[in-house]
Amino acid sequence: MSLALTGVSYTYAAGTSFATRALVSVDVAFGPGEVVLVLGATGSGKSTLLRVAAGLLAPDAGSVTLDGRLVDGPLAVVRPGVGFVFQSPEMQLFAETVEVDVAFGPRNQGLSEDEARIEALRALAAVGLDAEEFGTRSPFSLSGGEARRAAIAGVLAMTPGYLLLDEPTAGLDLSGREAVQAIVVAARTRAGVVVVTHDAEEFLGVADRVILLSEGRVIFDGPADELVQSPERFAEAGLRAPEILRAQMLARDAGLALPRFALDPLAAAALIAGAREGAR
Amino acid sequence: MKAPVPFGQFFPGDSPVHRLEPRAKMGLVAAYMVMLFTVDGFAGLAVAAGLAVLAVTVSSVPPRLVLRGVRAVSVILVFTLLAHGLRWNPATVTLVRIGPIGLDSQGALTGLFFAVRIVLLVIGTSLLTLTTSPVRLADALERLMRPLELLRFPAGEVAMMLTVALRFIPTTAEEAEKIVVAQVARGARFDRGGPLKRARAYVPVLVPLFVNLFRRADELATAMEARCYRGGTGRTRYAESRMTVIDQAALLLGASVMISVGMVL
Ligand SMILES: Nc1ncnc2c1ncn2[C@@H]1O[C@H](COP(=O)(O)OP(=O)(O)O)[C@@H](O)[C@H]1O
Ligand SMILES: [Mg+2]
């Protein structure tokens with residue numbers, strides 16, 4: 001059971017002078033029940049990776065399998081069972097009320113009005129929007145963070161087995177970002193979740209696994225904690241390590257014998273304090 | 001997935017046709033039209049066609065693109081041919097005859113004349129938009145309309161509207177494409193059912209597209225006002241394009257040659 005890319009390469013505008021190699025023999029697999037964070041600088045191929053995984057782009061080389069079945073595109077349709085939250089998904093809101101909008105996907109899947117309503121209410125609850133308060137409102141009256149959550153609910157309502165999110169927190173304020181993080185954590189119980197972002201800070205704490213992309217190649221694929229223990233890898237991907245890790249790297253450079261790095265500020269403080277005790 | 005974008009008229013390049021000042025180019029196209037409407041026979045059309053071929057060749061725009069405009073008016077062309085060529089119970093020489101309807105050779109020639117004229121007209125104007133960037137085109141329009149400001153015609157505003165509209169076409173097309181993909185990902189289908197059902201399927205695309213457009217228009221207007229835009233009058237241009245001696249000479253020579261040809265042939 002997995003959404004797997006094997007030896008996938010993708011080139012935009014192949015054969016022209018504008019050809020851009022966006023993915024180069026990428027092997028990755030996403031399993032159910034895990035949150036995978038795909039990190040990379042702008043232009044490293046993150047969005048392309050998601051699009052190929054979803055079936056919106058057909059790879060030039062290699063293959064994509066969904067739970068063992070080979071899927072070859074380009075399908076004009078995102079694969080059944082795969083939910084895709086595009087960049088700025090609030091652009092997709094159109095209906096008179098939030099509830100009707102969220103029910104759009106389930107209705108297209110052929111559910112009856114009542115069934116679709118149940119899915120819509122469940123999805124609204126999953127993104128932390130109170131159906132009483134928001135269900136009857138126009139999607140165009142929502143704040144940025146609320147609209148983003150409503151749009152994500154519209155994808156969750158289709159009960160995908162894999163949920164792909166492209167830069168889901170871009171342009172949101174702190175409370176909006178925290179809400180989206182909570183959605184990602186909660187979605188793990190029902191789906192395999194893949195989050196793409198260029199901000200290392202954001203989802204590292206909630207990710208089970210991290211994939212680092214650099215110029216279309218996978219340069220790291222492992223448990224989140226493995227990456228936390230070797231923060232210099234961030235620079236290899238053209239990214240800045242999270243501040244908290246940079247602080248601990250500086251402390252180690254300054255001679256403090258830190259046994260390990262921690263992402264949690266309290267744990268990090270304890271590690272530094274412990275190392276200073278040990279140094280005396 | 002590619003959204004069908006009927007725009008993208010401009011074919012960037014560095015040919016003499018591209019470099020010609022837009023106002024001079026417009027003047028030449030206008031003279032070309034005058035010539036097309038004043039020639040009386042096929043000799044004149046032949047000269048006009050020769051000029052069109054010459055201009056397209058020099059512009060290095062692929063003829064395929066130029067002819068795309070002709071394809072768009074093909075219905076009109078067929079209609080023109082038939083309207084002039086078909087006769088009810090024709091008395092003159094008839095080429096083909098089906099029952100009372102006949103194709104009259106004289107009429108067919110007249111029809112052909114008008115059809116060729118339309119083709120050349122389309123080629124001439126297509127070449128103008130293909131070789132001039134939309135912004136420069138709007139700019140040139142404004143400057144040509146400027147004298148009308150004396151008659152209180154809002155030339156500056158009209159030109160600003162044109163420029164802004166042109167500026168938003170690519171973004172809007174791109175956005176439409178994104179919304180289509182997002183809705184398809186939610187199971188929307190645009191290729192099912194009868195015409196009414198298909199039209200209704202586009203509601204989830206058109207609503208957000210227009211809402212975003214109006215929102216953006218509102219923001220743009222506020223931002224423009226915040227930067228002291230108070231309508232066209234009194235604004236200066238950032239980069240005024242200038243007519244060089246070459247542009248002036250090309251306009252004068254070209255226009256007088258074409259108009260003379262139109263009068264003589
Ligand atoms: N539609 C496209 N046409 C041509 N090149 C593209 C297109 N989309 C992306 N690219 C190029 O492919 C590379 C990877 O892009 P993308 O996957 O969007 O990166 P990311 O999401 O990591 O910023 C970039 O160099 C980008 O310029
Ligand atoms: Mg991207």
Side-chain angles (χ1 to χ4, degrees), chain A residues 13 47 50-51 54-58 73-96 100-111 116 119-120 123 138-142 144 147 151-160 163-166, chain B residues 1-5 8 10-14 60 62 64-65 168-194 196-223:
Chain A
S47 297
L50 276 198
R51 281 166 181 270
L56 289 169
L57 295 175
L75 307 168
V77 189
V78 175
R79 297 201 166 105
V82 176
F84 202 128
V85 177
F86 292 87
Q87 253 162 342
S88 324
E90 51 279 7
M91 239 167 36
Q92 76 191 23
L93 301 172
F94 75 96
E96 271 144 71
V100 173
D101 198 288
V102 174
F104 179 68
R107 292 288 279 160
N108 288 328
Q109 286 177 319
L111 298 194
E119 291 301 333
S138 159
F140 302 112
S141 72
L142 302 180
I152 296 177
V155 176
L156 283 177
M158 300 175 74
T159 52
L163 179 66
L164 316 181
L165 304 105
D166 197 351
Chain B
M1 246 197 331
K2 268 263 165 295
V5 183
F10 179 46
F11 183 83
D14 192 33
S60 64
R64 181 174 49 82
L65 288 183
F168 271 113
I169 286 171
T171 4
T172 307
E174 204 172 287
E175 206 168 282
E177 191 184 331
K178 280 189 186 150
I179 298 174
V180 166
V181 175
Q183 304 299 27
V184 163
R186 291 207 285 164
R189 298 298 302 261
F190 304 102
D191 52 356
R192 292 227 182 112
L196 196 66
K197 190 157 182 223
R198 284 183 196 209
R200 283 214 2 227
Y202 274 97
V203 168
V205 177
L206 292 178
V207 171
L209 192 65
F210 275 97
V211 169
N212 286 342
L213 218 53
F214 285 128
R215 231 180 233 173
R216 182 126 14 94
D218 198 44
E219 278 166 16
L220 180 69
T222 314

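Below, chains carry the letters A, B, ... as their sequence lines are ordered, and counting in each starts from 1.
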> When you measure from the side chain of B:Gln183 to the backbone N and O of A:Gln92, does any donor-acceptor pair fall under 3.5 Å?
Replying inline: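 Pair found, side chain donor or acceptor close to backbone of A:Gln92.
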> For A:Met91, is it the side chain, the backbone, both or neither that has a heavy atom under 4.5 Å from a heavy atom of chain B?
Replying inline: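 Looking at A:Met91, backbone and side chain both touch chain B.
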> Does B:Arg216 have any salt bridge (Lys or Arg N to Asp or Glu O under 4.0 Å) partners at least two apart in sequence or in another chain, and if so, which?
Replying inline: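 Residues passing salt bridge (Lys or Arg N to Asp or Glu O under 4.0 Å) with B:Arg216: B:Glu175.
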>> B:Arg186: which residues meet the salt bridge (Lys or Arg N to Asp or Glu O under 4.0 Å) condition with it, sequence neighbours left out?
In response: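 Once residues adjacent in sequence are excluded, the partners of B:Arg186 under the salt bridge (Lys or Arg N to Asp or Glu O under 4.0 Å) criterion are A:Asp101.
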> Does the side chain of B:Arg189 reach to within under 4.5 Å of the side chain of A:Asn108, using non-hydrogen atoms?
Replying inline: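 Heavy-atom side-chain distance check fails, nothing below 4.5 Å.
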> Going by heavy atoms in the side chains, are A:Phe94 and B:Val205 under 4.5 Å from each other?
Replying inline: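 No. Closest side-chain heavy atoms not under 4.5 Å.
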> Between B:Ala182 and A:Phe86, which heavy-atom pair has the shortest distance, and what is it?
Replying inline: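 Looks like CA-CE1, 3.6 Å.
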> Is it true that atom CZ of B:Arg200 has more than 12 heavy atoms of other residues, nucleotides or ligands lying nearer than 6.0 Å?
Replying inline: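 12 or below, so no.
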